[in-house]
Amino acid sequence: LKTFRKGGLHQEQNKRSADRAIEVFPLPETVSVPLSQALGAAATPVVEKGDRVLCGQLIGKSDTFISAQVHSPVSGTVTRIEEIDDVSGFKRKAVIIRVEGDEYLPGIDLSPEISREIPADREEILQRIHDCGIVGLGGATFPSHIKLSIPANKKVEVLLINGAECEPYLTCDHRLMLERSEELMIGIQIMMKALAVQKAVIAVESNKKDAVALLTKLCNEYTGISVVTLKVKYPQGAEKQLIKAVTGRAVPSGMLPMDVGAVVHNVGTAVAVYEAVQKNKPLISRVVTVSGSSISNPSNYLVRIGTPINLLLEKAGWDAASTGKIVAGGPMMGKALSNTSVPVVKGLSGILAFAHAESMRPAVQNCIRCARCVKVCPMGLSPYYLEAVSAADKLDLAEQAHAMDCMECGCCQYICPSRRPLLDQIRMGKSKLGHLIRSRKNN
Ligand code: SF4
Ligand code: SF4
């Protein structure tokens with residue numbers, strides 16, 4: 001089995017919802033659709049209070065290069081455009097829509113038939129992906145049309161499809177690989193055409209044997225696509241670690257995957273690309289795993305964007321009284337939520353509710369110089385040192401120690417026997433350092 005060499009760790013997988021088929025989540029009464037759901041600038045609203053909208057209608061236009069279109073996930077009436085809390089903890093401008101019926105914009109193909117004839121023109125493919133607001137669904141939310149547009153001076157040889165799903169608990173990608181496998185394969189073909197590559201590899205961790213078997217069989221029908229089985233190891237699904245595991249190539253600090261001839265997209269993104277290009281369907285829903293020790297009925301829901309997450313928790317048998325922490329995303333890279341009425345967004349893969357006992361942080365002890373944090377860091381950093389210089393605001397030292405290479409995987413904080421808040425401090429240091437680097441560039 002393939003894997004990356006440097007760092008990483010093994011945790012309890014707790015994939016409690018792995019055998020739960022994707023369930024269509026009921027329409028809520030109201031949705032709140034943030035205009036900023038992609039990496040980059042927020043979209044500009046193109047609707048006003050009182051407007052009637054249909055499912056799939058454009059409500060937020062992307063005006064800048066790195067940004068993504070936003071569409072109405074429901075039919076109904078716009079009641080407000082206002083700032084709301086979102087899953088990241090920041091205030092975001094959002095379009096609030098009262099749901100009325102479930103009427104789609106004409107031209108969106110809702111038939112279950114698989115559409116196999118892919119467009120011949122690369123520009124047309126990229127335009128449809130842009131128009132449908134597709135972003136990376138693995139969590140990064142980078143606009144997909146940009147990631148599929150390779151500059152003329154770069155050469156990409158292989159498309160890697162990330163089906164590792166290495167975070168414990170999350171199973172939305174696993175279910176997509178099982179239940180939408182043909183759409184996934186056609187989505188991959190479309191991406192291969194956009195990138196002008198002849199080779200694609202679907203990388204799946206070995207704990208998803210059924211998905212490996214199914215996709216390997218399907219590969220016989222699709223030229224140039226193969227499946228690689230990966231060792232179960234966190235963070236196997238991180239871009240640089242995935243490239244290393246599958247191709248053996250290392251992406252140097254400050255460089256991009258395309259610099260070593262690879263582009264990585266998530267399985268959910270490939271299915272969304274299929275829907276955009278073959279069905280003209282914008283990204284208005286996604287699969288979300290709801291799990292954790294305070295959830296009695298772990299589930300995978302196909303949910304409209306903008307649905308309040310407390311509805312998902314309640315449907316999955318949430319025991320609110322026993323809950324000590326709710327996390328948006330996986331337990332390693334997700335963020336704790338203080339507000340359960342925040343809406344589902346394009347980048348939300350899971351909602352996890354944990355009991356009090358699992359949520360408490362033990363008291364922080366002094367660093368004992370055991371170097372375990374160094375050993376597990378997949379980026380070869382010295383987390384104990386980055387923590388210290390970040391806490392002391394010594395940004396020059398943090399920069400010299402490559403703080404910006406930290407991908408916030410959380411391995412260091414997880415392993416530390418002194419329970420030091422390594423990632424918390426490094427994140428704060430990175431945020432300040434990022435501002436400093438950007439202001440330096442602008443001057
Ligand atoms: S793992 Fe914790 S205790 Fe050990 S060196 Fe790192 S910060 Fe110090
Ligand atoms: S969070 Fe950053 S410093 Fe810590 S192990 Fe991951 S990459 Fe290394």
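Just so you know, ligand 1 is whichever comes first in the structure, and atom 1 is the first atom listed for that ligand.
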salt_bridge([X], [Y]) N-O dist < 4.0 Å:
| X | Y | result |
| --- | --- | --- |
| Glu23 | Lys315 | yes |
| Arg92 | Glu83 | no |
| Glu157 | Arg249 | yes |
| Glu182 | Lys217 | no |

Listing by chain and number, what protein N/O/S atoms are under 2.8 Å from atom 8 (Fe) of ligand 1? Cys367 SG
Do [X] and [Y] get their side chains close enough for a donor-acceptor pair, meaning under 3.5 Å?
| X | Y | answer |
| --- | --- | --- |
| Asn266 | Asn162 | no |
| Ser253 | Asp405 | yes |
| Asp319 | Ser294 | no |
| Asp131 | Gln127 | yes |

Which heavy atom of Cys172 sits nearest to which heavy atom of Arg286, and what is that distance?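 Between these two residues, the closest heavy atoms are SG-NH2, 3.9 Å.
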Please list, in chain and residue-number order, the protein N/O/S atoms closer than 2.8 Å to atom 6 (Fe) of ligand 2. Cys409 SG
